Amino acid sequence: METLINKLKTAAPKAALLMAIAAGSALQSCSKSDGSGNGGATADALSSDAASAVYVAPGKHDELYSFLSGGFNGQVSVYGIPSGRLLKIIPVFSQHAENGYGYNEETKAMLNTSHGFVPWDDLHHPKLSRANGTTDGRWLFVNGNNTPRVARIDLKTFETVEIMEIPNSAGNHCSPYPTNNNEYVIAGTRFSVPLDMKGGTSDVSLENYEKEFRGSISFIKIDPKEGDMELDFQILVPGFDYDLANGGKGPSEDWVFFTTYNSEKAGTLKEIGASQNDKDYLAAINWKLAAKYAKEGKLHEMPANYYHNKMDKGTHTAKSTVKKNVRYLLPEECPGMMYLLPAPKSPHGIDVDPSGEFMVVSGKLASAIPVFSFAKMQDAIKNKAFDGEKNGIPVLKYESVLKGEVKEPGLGPLHTEFDGKGNAYTSMFVSSEVVKWKLNDLKVVDRIPVYYSVGHLMIPGGDTKEPYGKYLVAMNKITKDRYLPTGPELAHAAQLIDISGEKMKLLLDFPTVAEPHYAQAIVANKVAPNSVKFHKLDENKHPQAARKESEANVTRKGNVVHAKMTSIRSHFTPDNIEGVQVGDTVYFHVTNLEQDWDVPHGFAVMGANTSETLIMPGATQTLKWVPKKAGVYPMYCTDFCSALHQEMQGYIRVSPKGSNVPIKFSTGKKKQNIPGVASTK
Ligand code: CUA
């Protein structure tokens, strides 16, 4: 049987492939997904100008940072653009053994929820914080789709510093969308849930979907200085499914738009039940007016139970707070706050162009892409051009808000971004292509096949007032024959496309970490200069920090042993510990004394039921260990820190329970005893 590699080697001559590109039909790109070898894209990408366009010479830096969501991996991956080089994986909702996130004592609390410790989530949408409608490079907000949560990553440290659970939500999908100056980050629920105003979701017959289920949209206030999140209020909305959202800008900057499906309110077999109506809705919410109503006392309050986890700067330790109520508005009591715009069948993406005038709705089952006009929407509201109402919310007439439709764009339109030069780019899931069209006349001007089944696409700043219209990243759901086979599963893939000219040009394929649903990118100089190189040791407020070797010690209190340790190239203090007993709970608090860039030390103990932990210079982290057998246990540094890294190791002696071996610890020859401590048991 011919191997795939051989097939690639014997692929059709280049000229034939180039002709195939020129023909460029949508279905043709689909037909390549049968694994029969590569299309013209390889030939194209092999051309030297494509190669040089993505070539970042060794030692040189990329032009942009891009942040790709990890999808079911629960993390964010950071790539350099245009090289496609993986720079970092930032754990958010998932435990990450590489640095101990979610395993060590300092970060465990980040993953606390009202359902207990949830060490995973389905992370879909990264969104960069904003100033004046453009990215400001301070924070990255991301959503957890499974157990509704919104997280904030600090781009000074590339660490997750805050995670907030969202009450009254189920499937936090249309989330998180920052307004133009980070006034709010807005999050909507995908699933509607039975909402009992006396206390959140409750035990209700699924047959009562239509009557008792509601959606919610959450308004999270962002502290302008520190970025801290606070759930200000929610709007309880009709029991549809809320899919995606995006904020307005310029004239529409007081508004946020949500696509909805299942306006039929089907509670089962939604693939049929939610596709009955010819039109679902685009929900338009005036968030500024909502905030005003909230201030003016239109708010109700209901009991809730949700976790808010924050990393403390001084101690580098996460703390959880449980919140017990939530305030809400009802749209039927707040005139002018919310309208519904009919949108073709089960719309998915909603994207607002850089001018803020056009709202582009991509309906995955629709044959055209409707483009709504914000000016027309304002007129329709003024003239009351309503087509009835739904749950007390006025429905605007389709024709009265429509600028026009992009005709025959391709099959399965999902998402649109903009280049700031009057062009829009829409991903076509079914026909596996990116389609470029003009915002002024809605005419398709170019299309390029992608490999294969593109979901989201991203232009750096393409969702803001100021797109960086040079590159486009297509995030493809299926990889098939693009890389060497790696068993039944292949990495998902992103493709970098040059959009600086009239014709789009494929530059590069690069594999992604799990399944990116969306991405953001920002010019490097908005982030790189603020990057923290190390934590200052004298600002370390961790209660168990040892700021110098002489502060290291081992103490026992009952059956809990605290080992306050230090690490510096290339030893731990102490590196010999005795007096630990079977069944003790031992906490190794390791402070990294280094005050230099890029010198973390790791720490691991044989048999510990957790991961190693990686301690950044100046920080303290804690590994918990409950030894189960008597013996001598090695501990060592896991990160290659110097030529003597392999020597950075030590021993812990574990004696049987009740043994009279006293607590004893040392480094080098200096032995230290804590008299009397061993006998406090
Ligand atoms: Cu410290 Cu290796």
Side-chain angles (χ1 to χ4, degrees), residues 125 127-135 174-188 217 219 235 237 242-260 281-293 331 334-343 347 349-362 369-386 393-406 415-420 422-424 426 439-440 442 459 461-467:
H125 309 123
K127 278 276 182 178
L128 286 161
S129 58
R130 304 215 174 150
N132 302 315
T134 63
T135 53
C174 33
S175 163
Y177 295 91
T179 55
N180 287 299
N181 290 292
N182 305 328
E183 293 95 339
Y184 283 106
V185 162
I186 299 170
I217 290 167
F219 290 73
I235 300 178
V237 288
Y242 294 80
D243 200 0
L244 281 163
N246 251 311
K249 33 192 97 90
S252 58
E253 75 171 12
D254 295 354
W255 294 77
V256 60
F257 304 92
F258 291 82
T259 50
T260 72
Y281 300 111
L282 179 68
I285 293 176
N286 186 325
W287 64 264
K288 232 176 217 168
L289 188 56
K292 191 162 165 259
Y293 278 129
C334 301
M337 181 177 75
M338 183 171 179
Y339 296 92
L340 297 172
L341 286 65
I350 155 69
D351 299 285
V352 183
D353 86 303
S355 78
E357 165 59 11
F358 301 123
M359 295 96 81
V360 180
V361 173
S362 307
I369 302 172
V371 179
F372 295 111
S373 152
F374 182 73
K376 282 185 149 187
M377 182 186 115
Q378 293 300 87
D379 285 345
I381 291 170
K382 215 184 292 157
N383 303 330
K384 297 201 159 48
F386 299 150
I393 303 163
V395 177
L396 299 172
K397 286 201 172 104
Y398 183 63
E399 294 72 23
S400 71
V401 288
L402 190 72
K403 166 188 162 65
E405 292 177 338
V406 184
H415 303 281
T416 301
E417 293 232 327
F418 310 90
D419 64 3
N423 302 303
T426 303
L439 276 163
N440 56 8
L442 311 185
I459 293 170
D463 56 338
T464 72
K465 272 185 185 171
E466 287 175 18

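Residue indices begin at 1 and follow the sequence shown. Predicted model only: the values in this text are computed from it and were never measured.
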Once you round to the nearest 0.5 Å, how far does [atom1] of [X] lie from [atom2] of [Y]?
X      : Y      : atom1 : atom2 : answer
Asn286 : Met337 : CG    : CE    : 9.0 Å
Ile217 : Ser175 : CD1   : OG    : 11.0 Å
Leu128 : Thr464 : CG    : OG1   : 9.5 Å
Trp287 : Thr179 : CH2   : OG1   : 4.5 Å
Cys174 : Ile350 : SG    : CD1   : 12.0 Å
Leu340 : Leu282 : CG    : CG    : 8.5 Å

Closest heavy-atom contact between [X] and [Y]?
X      : Y      : answer
Thr260 : Pro347 : O-CD, 3.2 Å
Pro178 : Pro176 : CD-O, 3.5 Å
Gly404 : Leu442 : C-CD1, 3.4 Å
Gly349 : His415 : CA-ND1, 3.9 Å
Pro467 : Asp419 : CB-C, 3.6 Å
Pro370 : Tyr398 : CB-OH, 3.6 Å

With a 4.5 Å cut-off on side-chain heavy atoms, are [Y] and [X] touching?
X      : Y      : answer
Tyr293 : Pro335 : yes
Asp379 : Ser400 : no
Leu341 : Tyr281 : no
Glu357 : Lys403 : no
Val360 : Asp353 : no

Just distance, no hydrogens or angles: give the donor-acceptor pairs under 3.5 Å from side chains in residues 248-259, sequence neighbours left out.
| unit_1 | atom_1 | unit_2 | atom_2 | d |
| --- | --- | --- | --- | --- |
| Lys249 | NZ | Val352 | O | 2.7 |
| Lys249 | NZ | Asp463 | O | 3.1 |
| Ser252 | OG | Lys249 | N | 3.0 |
| Ser252 | OG | Lys249 | O | 2.9 |
| Ser252 | OG | Gly356 | O | 2.7 |
| Glu253 | OE1 | Asn180 | ND2 | 3.4 |
| Asp254 | OD1 | Lys288 | NZ | 3.3 |
| Thr259 | OG1 | Leu244 | N | 3.0 |
| Thr259 | OG1 | Leu244 | O | 3.3 |
| Thr259 | OG1 | His348 | O | 2.7 |

Checklist entry - Can you check side-chain contact (heavy atoms from CB on, under 4.5 Å) on Phe418 and Asn423, steps first, answer last? => result CA-CA 6 Å; Phe418 310 90; Asn423 302 303; over 6 Å; no

Checklist entry - Run the side-chain contact (heavy atoms from CB on, under 4.5 Å) check on Ser362 and Thr416 step by step: do they pass? => result CA-CA 8 Å; Ser362 307; Thr416 301; 3.5 Å; yes

Item to check | Lys127 and Asn246: CA distance, side-chain angles, deciding distance, side-chain contact (heavy atoms from CB on, under 4.5 Å) verdict | outcome: CA-CA 10 Å; Lys127 278 276 182 178; Asn246 251 311; 3.0 Å; yes

Checklist entry - Considering residues, nucleotides and ligands other than Glu405, do more than 12 of their heavy atoms fall under 6.0 Å from its CD? => result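 Yes, CD of Glu405 has more than 12 neighbouring heavy atoms, counting only those of other groups under 6.0 Å.
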
Item to check | All ring-ring contact (aromatic ring centres under 6.0 Å, His included) counterparts of Phe219, not counting sequence neighbours | outcome: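 For Phe219, the residues satisfying ring-ring contact (aromatic ring centres under 6.0 Å, His included) (neighbours in sequence not counted) are Tyr184, Phe233.
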
